[in-house]
Amino acid sequence: MKRISRSRLLTISRWQKAGYQKKSRRIPGIGERHTETTVIPPSKLSFRHNTAATLQFFHRMREAFVNRRKVKRHGRWVWPRVFVDLSPIDDLSITSAIVLSAELQRWSLLYGTQIRARLSNRWKPRVRRVLRSLGTYELLGMSPVPATQSTLADELVLLNLASGVKGQPETMDALQNDLLALGTALEAKMYLFEGLTEAVINSIEHAYVDTAARSGDMRDGNTVSTYPTAGSRWWATSCYDPVSKSLRFFVYDQGVGIAATLDREEGWRRRISEMIVKLGSSPSKSDAQDIEAAFEIGRTRTGLDERGKGLDQMRDVVRSARGGYMRVLSGKGDVELTETECRKFYLPSHTGGTLIEWNLPYASFARD
């Protein structure tokens with residue numbers, strides 16, 4: 001038996017503690033080696049309640065693909081396989097599940113191969129329900145599990161995750177029709193759904209910047225993301241949350257983040273710096289500050305361009321509902337906006353895109 005050196009054992013130990021499992025096995029009858037990587041999440045996958053570990057997990061998943069090198073198998077050069085083991089998850093937030101599903105679809109579209117799941121029989125019931133509803137089973141190459149009976153009163157009701165590419169009118173029309181149909185089904189105030197639809201479309205339109213503009217960015221988990229994207233793709237879904245008695249709407253992209261796109265739009269950096277000072281904050285650069293300032297500029301409507309109107313329109317949904325909040329998870333910032341207040345959280349690394357959530361009280365959708 002070949003003896004493994006102490007330094008090699010320490011390297012393997014550090015790799016496993018970082019959330020990876022790496023296997024090398026010899027193909028029977030062929031003197032070639034094939035490497036498999038399994039990425040393992042923390043027990044609580046949540047951007048709000050376990051921020052650093054959640055960000056690290058998604059960073060590791062992206063790195064597992066980006067750092068791969070083709071290996072020879074059965075006389076052919078192939079990509080090493082990547083697996084994900086979701087069995088450790090006890091607590092899965094909806095926002096994390098959306099980002100996870102988007103990551104799975106990204107690499108499937110780019111490489112034509114799916115990430116595979118390990119130990120799926122050990123998944124917790126909530127993890128199964130959420131991922132089944134979003135359509136994540138299919139992205140993992142698994143057979144979809146039949147849905148169990150549930151009602152609005154006792155269980156989270158989550159719609160399938162829709163996805164499309166910016167500039168494809170048919171996918172945008174389908175998303176708009178789905179949102180408006182939901183409003184009709186709930187006998188809702190239709191102006192809320194119309195405002196929400198426009199806000200979602202606006203966020204999608206500004207999600208990505210020109211590829212050439214991104215070429216100088218670094219990929220270290222702490223700055224603007226330059227991981228390859230599967231086109232200017234977006235994801236959207238909605239759910240009813242029986243715990244908070246609210247309707248939640250989500251739209252996600254894998255762009256560079258709001259702060260980075262505003263930096264590249266003429267005049268916005270100066271206006272944001274001026275607004276940060278007006279808000280009484282230090283002018284030091286942070287994504288959370290930039291996001292707050294951008295929405296405040298939209299609210300004041302001074303020297304406004306179409307981008308400013310769009311930002312104000314996103315928040316106007318919350319004002320129209322007279323309750324709830326809007327959450328913007330973008331770059332290294334996590335911002336929660338109500339009708340009158342703004343709460344800011346600073347993230348240790350880049351989220352890999354922008355996720356916008358509207359959380360609106362269900363009672364606000366009842367007819368007058």
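One-based numbering along the sequence shown.
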Hey, is the main chain of Pro228 close enough, under 3.5 Å, to the side chain of Arg106 for a donor-acceptor pair? yes

Please name all residues satisfying ring pair (Phe, Tyr, Trp, His ring centres under 6.0 Å) with Phe65, sequence neighbours left out, ordered by chain then number. Trp107, Tyr111

Output, in order, the C-alpha distance, side-chain angles, deciding distance and verdict of side-chain contact (heavy atoms from CB on, under 4.5 Å) for Tyr325 and Glu341. CA-CA 9 Å; Tyr325 63 85; Glu341 296 179 334; over 6 Å; no

Grab the two heavy atoms, one from Phe57 and one from Pro41, that are nearest each other, plus how far apart they are. CD1-CA, 3.4 Å

Main-chain N/O of Ile258 paired to Ser330 side chain as donor or acceptor, under 3.5 Å: yes

Does one side chain, of Ser46 or Thr54, offer a donor that lies under 3.5 Å from an acceptor on the other? no

Report the distance from atom CD1 of Ile94 to atom OG1 of Thr237, rounding to the nearest 0.5 Å. 8.5 Å

Are Tyr227 and Leu110 linked, directly or through other ILVMFWY residues, by side chains that come within less than 4.5 angstrom of each other? yes

Closest non-hydrogen atom pair, Ser286 against Tyr346: OG-CE2, 3.3 Å

Residues passing the salt bridge (charged side-chain N to carboxylate O under 4.0 Å, His left out) test with Lys124, sequence neighbours excluded, are Asp90

Any donor-acceptor pair under 3.5 Å linking the side chain of Arg315 with the backbone of Met326? no

Do side-chain atoms of His350 reach the backbone of Val256 as a donor and acceptor pair under 3.5 angstrom? yes

Can you tell me if Thr351 uses its side chain to pair, donor with acceptor, with the backbone of Gly331 under 3.5 Å? yes

What residues form a side chain to side chain contact (heavy atoms under 4.5 Å, CB included) with Asp334, not counting sequence neighbours? Arg48, Arg327, Leu329, Phe345, Leu347

Heavy-atom closest pair (Leu119 atom, Trp123 atom, distance to 0.1 Å) is O-CD1, 3.6 Å

All ring pair (Phe, Tyr, Trp, His ring centres under 6.0 Å) counterparts of Phe250, not counting sequence neighbours: none

Ignoring hydrogens and angles, tell me if any N or O in the side chain of Arg60 forms a donor-acceptor pair with the backbone of Leu55 under 3.5 Å. no

So is Arg118 actually on top of Phe83's ring, under 6.0 Å and inside 45° of the axis? yes

Which atom names give the shortest non-hydrogen contact between Ser101 and Leu139, and what distance separates them? O-CD1, 3.3 Å

Ignoring hydrogens and geometry, is there a side-chain-to-backbone donor-acceptor pair from Thr37 to Ala64 under 3.5 Å? no

Report the residues that fulfil side-chain hydrogen bond (donor to acceptor under 3.5 Å, both in side chains) with Lys44, sequence neighbours left out, ordered by chain and then residue number. none

Would Asp85 and Thr38 count as having a side-chain donor-acceptor pair, cut-off 3.5 Å? no

Exam field: side chain Ser320 to backbone Asp316, donor-acceptor pair closer than 3.5 Å: yes

Salt bridge (charged side-chain N to carboxylate O under 4.0 Å, His left out) contacts in which one or both residues fall within residues 350-360, not counting sequence neighbours: Arg248-Glu357

Would you check if the side chain of Arg62 reaches a backbone N or O of Glu103 as a donor-acceptor pair within less than 3.5 Å? no

